[in-house]
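We count ligands from 1, going down the list as the structure has it; atoms in each ligand are counted the same way. Note that the structure is predicted; figures quoted are calculated from it, not measured.
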Amino acid sequence: MSVADEFTALYGYAPQGVWAAPGRVNLIGEYTDFNEGFVMPLALPHTAVAAVARRDDGLLRLHSADVEGPVVELAADALRPLSDSGGWAAYPAGVVWALRAAGHPVGGADLHLSSTVPTGAGLSSSAALEVVTALALNELYELGLTKRELALLAQRAENAFVGVPCGVMDQMASAACEAGRVLHLDCRDLGVRQVPFDLAAHGLRLLVVDTRVRHELGDGAYAERRAGCEAGARALGVTHLRDVLYAELPDALRQLDDERVRRYVRHVVSDDHRVARVVALLDAGDVRGIGPVLTEGHASLRDDLRISCPELNLAVAAAERAGALGARMTGGGFGGSAVALVEAADADTVTKAVTEAFAAAGFTPPRVFEAEPSRGARRVA
Ligand code: ADP
Ligand code: MG
């Protein structure tokens with residue numbers, strides 16, 4: 001049954017439209033977002049799909065095909081940040097709250113959704129959920145907001161309403177990515193450029209390895225890295241590490257006497273530089289050339305930022321042993337997913353090698369799939 005048909009069966013009338021928003025995977029540029037640096041996400045083929053209708057009585061009814069439980073009913077004008085709005089329902093409810101808090105005339109809605117984005121795998125199932133809600137309400141309430149404005153409101157929903165301190169990369173990627181492209185996002189001014197990344201045309205594939213190890217970003221490690229970066233910026237007399245040029249890095253490191261802060265600064269400044277190198281290579285049509293840059297990025301996350309884990313390190317090492325051009329962990333770390341760039345002809349060999357390596361190590365079997373650079377949020381019916 002389609003999501004629209006499920007909506008009809010659930011609420012007893014047909015939805016006004018159906019919208020889809022993808023999950024994302026970050027190609028390179030990790031923990032650079034809050035340093036006002038650069039990231040490079042691409043949209044996954046996996047999407048959250050929502051059938052929605054506007055309600056002018058202020059009632060918000062939310063249902064997910066993927067979660068056991070009844071329809072969550074909330075009053076749009078009674079939404080309060082960080083109040084328990086019914087678990088998962090806090091994401092779409094947070095979007096309604098953020099839109100209203102920004103002064104947009106949004107009332108109620110009926111929403112039913114179903115998502116193919118793996119949850120908790122660092123692939124932004126939460127942003128897909130927020131962005132699909134924001135896009136639907138933008139149309140149904142004729143708000144005329146741009147994708148960038150919708151992404152910022154979705155981020156605000158997650159930060160202030162749900163209570164997760166994420167940057168804006170996930171929502172921007174879900175809202176604004178294009179098929180066959182990777183999004184070069186400047187996290188200082190949210191300037192974007194769609195960089196060609198047509199893997200199929202180059203005979204390449206990007207594999208995602210979901211380790212099935214679930215990260216808990218809230219557990220302090222993220223906050224600790226963030227505080228360390230802020231301390232580094234202060235010690236170097238800049239507002240954000242983005243302002244330390246790569247050419248100045250050796251000098252900057254000499255000025256830092258805290259070994260831990262030095263490692264964090266080296267990661268952030270070098271990862272911003274790796275983003276620039278990847279952009280230059282892709283612009284020059286040298287897609288294979290980015291492989292070694294991805295691998296360097298992994299070493300930096302493992303050894304300097306220290307946010308990797310045995311499963312991620314094994315995914316990267318096994319992919320490379322089996323012929324991957326490059327691989328790295330992606331996302332917040334301590335679990336979640338890795339990406340591997342492979343020749344199309346090697347995709348099955350690499351998948352098998354990673355799966356076997358996990359079995360030999362006694363790890364939970366990973367989920368390996370292809371991430372074809374896909375389009376961002378859109379209306380589908
Ligand atoms: P990630 O964004 O990396 O997948 P998060 O912890 O940020 O992980 O978001 C996952 C949460 O998003 C889930 O715990 C759930 O509350 C919500 N969510 C994601 N997909 C769905 C879905 N299909 N139905 C209901 N809730 C969902
Ligand atoms: Mg998330």
Side-chain angles (χ1 to χ4, degrees), residues 2-3 6-7 10 18-26 30-31 33-34 39 41-52 60-72 74 82-96 111-134 136 151 154-175 208-219 221-222 307 309 312 329-339 367 369 371 377:
S2 73
V3 175
E6 288 173 6
F7 179 106
L10 186 66
V18 181
W19 290 262
R24 66 93 188 97
V25 67
N26 192 26
E30 219 64 76
Y31 282 66
D33 58 348
F34 58 79
V39 294
L42 54 125
L44 296 173
H46 309 67
T47 55
V49 178
V52 191
L60 189 58
R61 296 197 291 179
L62 305 166
H63 187 261
S64 168
D66 310 316
V67 175
E68 295 277 339
V71 174
V72 177
L74 300 160
L82 306 177
S83 55
D84 183 9
S85 314
W88 71 274
Y91 294 90
V95 171
V96 173
L111 179 147
H112 169 72
L113 81 106
S114 175
S115 177
T116 55
V117 186
T119 56
L123 302 172
S124 284
S125 68
S126 61
L129 193 48
E130 293 150 11
V131 170
V132 77
T133 306
Q155 181 203 14
R156 179 149 168 71
E158 185 150 347
N159 290 169
F161 194 88
V162 184
V164 179
C166 59
V168 77
M169 159 169 70
D170 304 353
Q171 293 80 6
M172 278 296 285
S174 183
V208 172
V209 181
D210 171 7
T211 63
R212 314 278 275 267
V213 178
R214 292 307 178 229
H215 60 273
E216 202 33 88
L217 272 187
D219 76 354
Y222 174 82
I307 60 164
C309 66
L312 287 168
M329 58 151 288
T330 179
F334 309 104
S337 301
V339 288
R367 206 170 149 254
F369 59 88

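- Atom 9 (O) of ligand 1 has its closest protein heavy atom at Ser126 CB, 3.3 Å.
- Of all the atoms in ligand 1, the ones that sit under 4.0 Å from a non-hydrogen atom of Asp66 are 22 (C), 23 (N).
- Smallest separation of non-hydrogen atoms from Val131 and Ala21: CG1-CB, 3.9 Å.
- Using a distance-only test at 3.5 Å, with no hydrogens or angles considered, a donor-acceptor pair links the side chain of Ser115 to the main chain of Val117.
- The nearest protein atom to atom 27 (C) of ligand 1, hydrogens excluded, is given as Leu129 CD2, 3.5 Å; this is a heavy-atom distance.
- Contact detail for Pro22 and Ala128: the closest heavy-atom pair is O-CB, 3.6 Å.
- Residue Val117 does not touch ligand 1, judged by heavy-atom distances below 4.0 Å.
- In Ser125, the parts holding a heavy atom less than 4.0 Å from any atom of ligand 1 are both the side chain and the backbone.
- Side-chain atoms of Thr211 come within 3.5 Å of backbone N or O of Gly336 as a donor-acceptor pair.
- Below 30°, between 30° and 60°, or above 60°: for Tyr222 and Phe34 the angle between ring planes is above 60°, a perpendicular geometry.
- Here 1 is the count of protein N, O or S atoms positioned under 2.8 Å from the Mg ion (ligand 2), waters not counted.
- Looking only at protein heavy atoms, the nearest one to atom 6 (O) of ligand 1 is Tyr91 OH, 4.4 Å.
- Contact annotation for Thr119 and ligand 1: heavy atoms of both the backbone and the side chain come within less than 4.0 Å of the ligand.
- Considering all non-hydrogen atoms of both residues, Gln155 and Gly167 come closest at NE2-C, 3.3 Å.
- Within the 4.0 Å heavy-atom shell around ligand 1 one finds Pro118.
- When all heavy atoms are compared, the tightest approach of Trp19 to Val52 is CZ3-CB, 3.9 Å.
- Annotation for ligand 1: atoms under 4.0 Å from non-hydrogen atoms of Val67 are 24 (N), 25 (C).
- Under a 3.5 Å cut-off, the side chain of Glu30 and the backbone N or O of Gly331 do form a donor-acceptor pair.
- Less than 4.0 angstrom separates some heavy atom of Ser64 from each of these atoms of ligand 1: 22 (C), 23 (N), 24 (N), 25 (C).
- In this structure, Thr116 contributes its side chain and Thr47 its backbone to a donor-acceptor pair below 3.5 Å.
- Across every non-hydrogen atom of Leu82 and Gly163, the tightest pair is CD2-CA, 3.5 Å.
- Ligand-side atoms of ligand 1 in range of Gly122: 3 (O), range being under 4.0 angstrom from any heavy atom.
- Against a heavy-atom cut-off of under 4.0 Å, Leu123 is close to the following atoms of ligand 1: 3 (O).
- Ligand 1 has at least one atom lying under 4.0 Å from a heavy atom of Gly120.
- No option in Asp170, Asn26, Thr330 other than Asn26 meets the side chain to side chain contact (heavy atoms under 4.5 Å, CB included) test with Pro41.
- Of all heavy-atom pairs between Gly120 and Arg214, the closest is O-CD, 3.0 Å.
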Step by step, would you call Tyr91 with Leu113 a side-chain contact (heavy atoms from CB on, under 4.5 Å)?
CA-CA 12 Å; Tyr91 294 90; Leu113 81 106; over 6 Å; no
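- Within the 4.0 Å cut-off (strictly below), no protein heavy atom is located near atom 14 (O) of ligand 1.
- Atom 26 (N) of ligand 1 has Trp88 CB, 3.2 Å as its closest protein atom, hydrogens excluded (heavy atom only).
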